[in-house]
Amino acid sequence: MDRSSSSHLHSNFMEVKLDEEVTIEVHQVVPPPQKSALKKVKDKLKETFFPDDPLRLFKGQTFNRKLILGAQYLFPLLQWGPSYSFNLFKSDLISGLTIASLSIPQGISYANLANLPAIVGLYSSFVPPLVYAALGSSMDLAVGPVSIASLVLGSMLAEEVSPIAEPHLYLQLAYTSTLFAGIFQAALGLLRLGFIIDFLSKAILLGFMAGSATIVALQQLKSLFGITHFTKKMTIIPVMMVVANNSHGLYLLGATTISKTYSTFLLF
């Protein structure tokens with residue numbers, strides 16, 4: 001090693017003697033290089049919109065290889081499909097039958113919440129997983145309708161069109177609403193705006209989940225108590241007023257409360 005290299009290495013740290021026997025080396029911290037304001041904004045935007053740097057796989061590749069990588073990026077099925085084995089097929093078949101036994105009646109019930117025909121719920125239970133199998137990259141993500149979205153969709157459309165008096169118009173409005181919802185979700189994915197979820201606090205998420213469960217439970221009082229004319233609102237006060245004004249529903253509410261109380265007492 002020459003003298004210049006040795007002097008450069010020794011200039012990066014200094015020796016500190018704690019006592020006569022112990023000496024430690026303290027390394028100097030080099031400050032980061034200066035960046036212009038434009039460079040800082042560019043790096044911040046790149047970190048926000050492209051945290052995984054999806055273009056890194058295409059660097060230094062031939063044109064044909066870039067086409068293959070691009071197809072695999074858009075359709076992950078082309079990436080794991082060639083290595084798919086019969087053992088994986090057997091496991092997927094068992095898990096698919098298990099999930100189908102749950103998702104099919106669940107999709108039909110969600111269609112009922114949205115005041116839609118049962119066949120729509122049947123389609124929604126198996127069409128989204130088929131599409132996601134080719135376009136998705138997660139093996140654990142569940143896709144399909146959810147209770148709160150179905151309930152909100154049915155309540156909003158019922159304020160404009162009656163699903164009983166005008167079923168065809170109601171169905172067309174439902175298809176149009178879901179089409180625009182899909183367009184917005186696709187735009188959010190293409191623009192890589194998933195980071196917006198980072199601005200939602202845990203309290204908001206917990207409140208949304210608790211509120212969703214409460215709304216779904218309140219809307220089931222119509223079928224539970226056999227109330228014919230039910231409110232279209234989803235808040236607790238209008239729903240409980242409808243139940244209280246219905247003598248048959250009020251009787252069932254009292255009977256249900258007493259039975260639940262005794263059941264809880266017997267269990268605990």
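Bear in mind the structure is a predicted one, so any value in this text is a computation, not a measurement.
With hydrophobic clusters built from ILVMFWY side chains whose heavy atoms lie under 4.5 angstrom apart, Ile104 shares a cluster with Val131. One hydrophobic cluster, built from ILVMFWY side chains closer than 4.5 Å, holds both Leu77 and Phe86. Trp80 and Tyr132 are not part of a single hydrophobic cluster, where members link through side-chain heavy atoms under 4.5 Å apart. The same ILVMFWY cluster, assembled from side-chain heavy atoms under 4.5 Å apart, contains both Leu122 and Leu130. Cluster membership check: Ile99 does not share its hydrophobic cluster with Leu97, using side-chain heavy-atom separations under 4.5 Å among Ile, Leu, Val, Met, Phe, Trp and Tyr.
Counting all heavy atoms, side chain and backbone alike, Pro117 lies closest to Ala111 at O-CB, 3.5 Å. Scanning both residues, Ser150 and Pro145, for their nearest heavy atoms gives OG-CB, 4.2 Å. In terms of heavy-atom proximity, Ser125 sits nearest to Ser103 at CB-O, 3.5 Å. Residues Pro76 and Ala134 share a closest heavy-atom pair of CD-O, 3.4 Å.
Counting heavy atoms from C-beta on, the side chains of Pro163 and Leu157 never come closer than 4.5 Å. By the 4.5 Å heavy-atom criterion applied to side chains, Val120 and Leu171 are counted as neighbours. Counting only heavy atoms from C-beta outward, the side chains of Leu151 and Tyr110 never approach each other to under 4.5 Å. Contact annotation: the side chain of Leu179 never approaches that of Tyr175 to less than 4.5 Å [non-hydrogen atoms, C-beta and beyond].
Heavy-atom contacts from other residues, nucleotides or ligands closer than 6.0 Å to OH of Tyr84 number more than 12. Lys66 NZ: more than 12 foreign heavy atoms inside a 6.0 Å radius. For Ile204, the CD1 atom sits in a packed shell: over 12 heavy atoms of surrounding residues, nucleotides or ligands are nearer than 6.0 Å.
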### Message
If you apply the rule side chain to side chain contact (heavy atoms under 4.5 Å, CB included), what do you find for Leu113 with Ser147, and how did you get there?
### Response
CA-CA 7 Å; Leu113 287 178; Ser147 58; 4.2 Å; yes
Before you tell me yes or no, could you show the steps for Ile68 and Arg65 under side chain to side chain contact (heavy atoms under 4.5 Å, CB included), namely the whole-Å CA-CA distance, both residues' side-chain angles and the distance that decides it to 0.1 Å? CA-CA 5 Å; Ile68 296 175; Arg65 183 60 180 170; 4.1 Å; yes
Applying side chain to side chain contact (heavy atoms under 4.5 Å, CB included) to Asn115 and Leu153, what does each step give before you reach the verdict? CA-CA 9 Å; Asn115 299 319; Leu153 176 64; over 6 Å; no
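Between atom NZ of residue Lys35 and atom CG of residue Asp43 there is a gap of 4.5 Å, rounded to the nearest 0.5 Å. Interatomic distance, Ile164 CD1 to Tyr170 OH, rounded to the nearest 0.5 Å: 10.5 Å. Between the CG atom in Leu169 and the CG atom in Leu173 there is a gap of 4.5 Å [rounded to 0.5 Å]. How far OG of Ser95 is from CG of Leu88: 10.5 Å, rounded to the nearest 0.5 Å. Rounding to the nearest 0.5 Å places CD of Gln72 at 11.5 Å from CG of Leu67. To the nearest 0.5 angstrom, Leu38 atom CG is 12.0 Å from Lys40 atom NZ.
Between Tyr123 and Phe126, the two ring planes are perpendicular [angle over 60°; tilted spans 30° to 60°].
Listed for the Ser109 side chain is a donor-acceptor partner under 3.5 Å among the backbone atoms of Gln106. In this structure, Ser91 contributes its side chain and Asn87 its backbone to a donor-acceptor pair below 3.5 Å.
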